[in-house]
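Within every chain, numbering begins at 1; the chains are lettered A, B, ... in the order of the sequence lines, protein sequences first and strands thereafter.
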Protein chains: 2
Amino acid sequence: MNSNRPSSNRPVYLKLRDQIAAAIIDGAYAEGEMLPSVRALAAEQGANPLTVAKAYQQFQNDGLVEVQRGVGMYVVKGAAERLRARERDAFLREEWPEIRERMARLGLDPADLALST
Amino acid sequence: MNSNRPSSNRPVYLKLRDQIAAAIIDGAYAEGEMLPSVRALAAEQGANPLTVAKAYQQFQNDGLVEVQRGVGMYVVKGAAERLRARERDAFLREEWPEIRERMARLGLDPADLALST
DNA sequence: ATGGCTGTATTATGGCACTGATGCACCTCG
DNA sequence: CGAGGTGCATCAGTGCCATAATACAGCCAT
């Protein structure tokens with residue numbers, strides 16, 4: 001059983017969104033650089049261009065990405081740090097408490113698992 | 001943004017399932033005792049009986065709960081420990097790696113957060 | 001200017017998960 | 001036996017997700 005939160009059966013556009021966010025934070029998509037085009041990323045990921053566009057959408061709304069019509073989308077300066085701060089805050093506020101409680105119930109201690117690669 | 005994994009917009013039957021599992025592990029639903037009836041729990045939680053039934057379903061399949069038609073559902077002996085072991089294993093195998101990677105990316109260390117209630 | 005690349009809007013469609021209303025089969029107790 | 005409690009099956013409705021086929025608007029190098 002356990003249909004908990006496997007990243008497997010999440011909507012495609014959310015998986016892409018996470019993946020893109022990670023790339024921005026890690027600098028794989030560096031600031032000032034152009035993001036992969038909607039069509040390119042779609043082809044690479046075997047997804048629909050519209051689905052990719054939907055994933056990109058949220059970054060535009062947050063001003064982390066700038067659109068130059070007819071050219072492409074660029075990572076805004078300072079986007080990586082802003083994104084990381086934002087995600088970290090959200091994680092601590094919305095996800096971590098539940099995870100912590102869950103682990104406590106299962107008899108697990110985060111400190112013990114911190115080292116295990 | 002951040003439509004990550006807030007327990008808020010999870011399907012009702014999954015939230016119920018988690019809640020029931022927690023009750024069994026914690027002993028709130030003790031072994032040998034009868035679970036709340038589908039209708040009773042539905043009324044209490046403001047959900048549909050069928051949704052509750054769907055939540056119960058998975059526990060039957062796993063043999064953690066025994067059904068007596070026309071009577072009710074009972075927690076099988078040893079269910080709590082079996083359930084905890086099963087969930088703990090699944091958590092470590094499927095969820096923790098992703099959580100750990102995610103925290104690393106956000107600059108968080110599980111050990112630091114272990115103490116904060 | 002033209003071809004080729006960008007993002008975007010439109011519309012339609014299929015699939016699937018979630019939720020819900022109703023009724024039936026079963027058991028227990030008085 | 002009848003009333004009221006069980007779980008469960010069937011059917012239907014709804015909304016989100018993903019895909020598809022076009023078409024359009026903008027930029028740029030040749």
Show me the donor-acceptor pairs, under 3.5 Å and distance only, between side chains in residues 20-33 of chain A and residues at least two apart or in other chains.
{"residue": "A:D26", "atom": "OD1", "partner": "B:R105", "partner atom": "NE", "Å": "3.3"}
{"residue": "A:D26", "atom": "OD2", "partner": "B:R105", "partner atom": "NE", "Å": "3.1"}
{"residue": "A:D26", "atom": "OD2", "partner": "B:R105", "partner atom": "NH2", "Å": "3.1"}
{"residue": "A:E31", "atom": "OE1", "partner": "A:G78", "partner atom": "N", "Å": "2.9"}
{"residue": "A:E31", "atom": "OE2", "partner": "A:G78", "partner atom": "N", "Å": "3.3"}
{"residue": "A:E31", "atom": "OE2", "partner": "A:A80", "partner atom": "N", "Å": "3.4"}

Would you indicate, yes or no, if D:dC17 has its OP1 or OP2 atom less than 4.0 angstrom from a side-chain nitrogen or oxygen of A:T51?
no
Detail all sub-3.5 Å separations between protein N/O atoms and N/O atoms belonging to nucleotides 8-15 of chain D.
{"residue": "D:dC8", "atom": "OP1", "partner": "B:Q60", "partner atom": "OE1", "Å": "3.3"}
{"residue": "D:dC8", "atom": "OP2", "partner": "B:Q60", "partner atom": "NE2", "Å": "3.1"}

Pairing of B:K15 and A:E98 as salt bridge, 4.0 angstrom limit
no
With the side chain counted from C-beta on, respond yes when A:R102 and B:E87 share a heavy-atom pair under 4.5 Å apart, and no when they do not.
yes
A:F59 and A:R17: which non-hydrogen atoms are nearest, and at how many Å?
CZ-O, 3.5 Å
Set out, in order, the CA-CA distance, both residues' side-chain angles and the distance that settles side chain to side chain contact (heavy atoms under 4.5 Å, CB included) for A:T51 and A:Q45, then state yes or no.
CA-CA 11 Å; A:T51 303; A:Q45 296 288 332; over 6 Å; no
Between A:M34 and A:V71, what is the shortest heavy-atom contact and its length?
CE-O, 3.6 Å
D:dA20 P sits how many Å from A:K54 NZ, rounded?
16 Å
Rounded distance in Å - CG (A:L16) to C1' (D:dT19)
14 Å
In short, the helix from C:dA1-D:dT30 to C:dG30-D:dC1 is bent end to end, axes from five pairs each side, to 10°, by 0°
Common cluster, A:Y74/A:V38, ILVMFWY with side-chain heavy-atom separation under 4.5 Å:
no
Test B:L92 against A:L113 for side chain to side chain contact (heavy atoms under 4.5 Å, CB included), laying out the working first.
CA-CA 9 Å; B:L92 289 175; A:L113 300 172; 3.7 Å; yes
Side chain to side chain contact (heavy atoms under 4.5 Å, CB included) assessment of B:R82 paired with B:L64:
CA-CA 8 Å; B:R82 259 206 295 157; B:L64 296 169; 3.9 Å; yes
Please name the pair of heavy atoms, one in A:V75 and one in A:V65, separated by the smallest distance, quoted to 0.1 Å.
CA-CG2, 4.4 Å
Audit row: A:M103, A:I99, side chain to side chain contact (heavy atoms under 4.5 Å, CB included) steps and yes/no:
CA-CA 6 Å; A:M103 292 182 71; A:I99 294 174; 3.9 Å; yes
First contact, last contact: which nucleotides of DNA chain C are these for chain A, 5' to 3', heavy-atom distance under 4.0 Å?
C:dC5 to C:dT10
Could you state whether B:V76 and B:L83 fall into the same hydrophobic cluster, counting links through intermediate Ile, Leu, Val, Met, Phe, Trp or Tyr residues with side-chain heavy atoms under 4.5 angstrom apart?
no
What integer distance in Å separates A:R17:CZ from D:dC17:P?
13 Å
I'd like a table of atom pairs between the protein and nucleotides 28-30 of chain D - only N or O on both sides, under 3.5 Å - with the distance next to each one.
none

A:D89: partners by salt bridge (charged side-chain N to carboxylate O under 4.0 Å, His left out), with sequence neighbours left out
A:R93
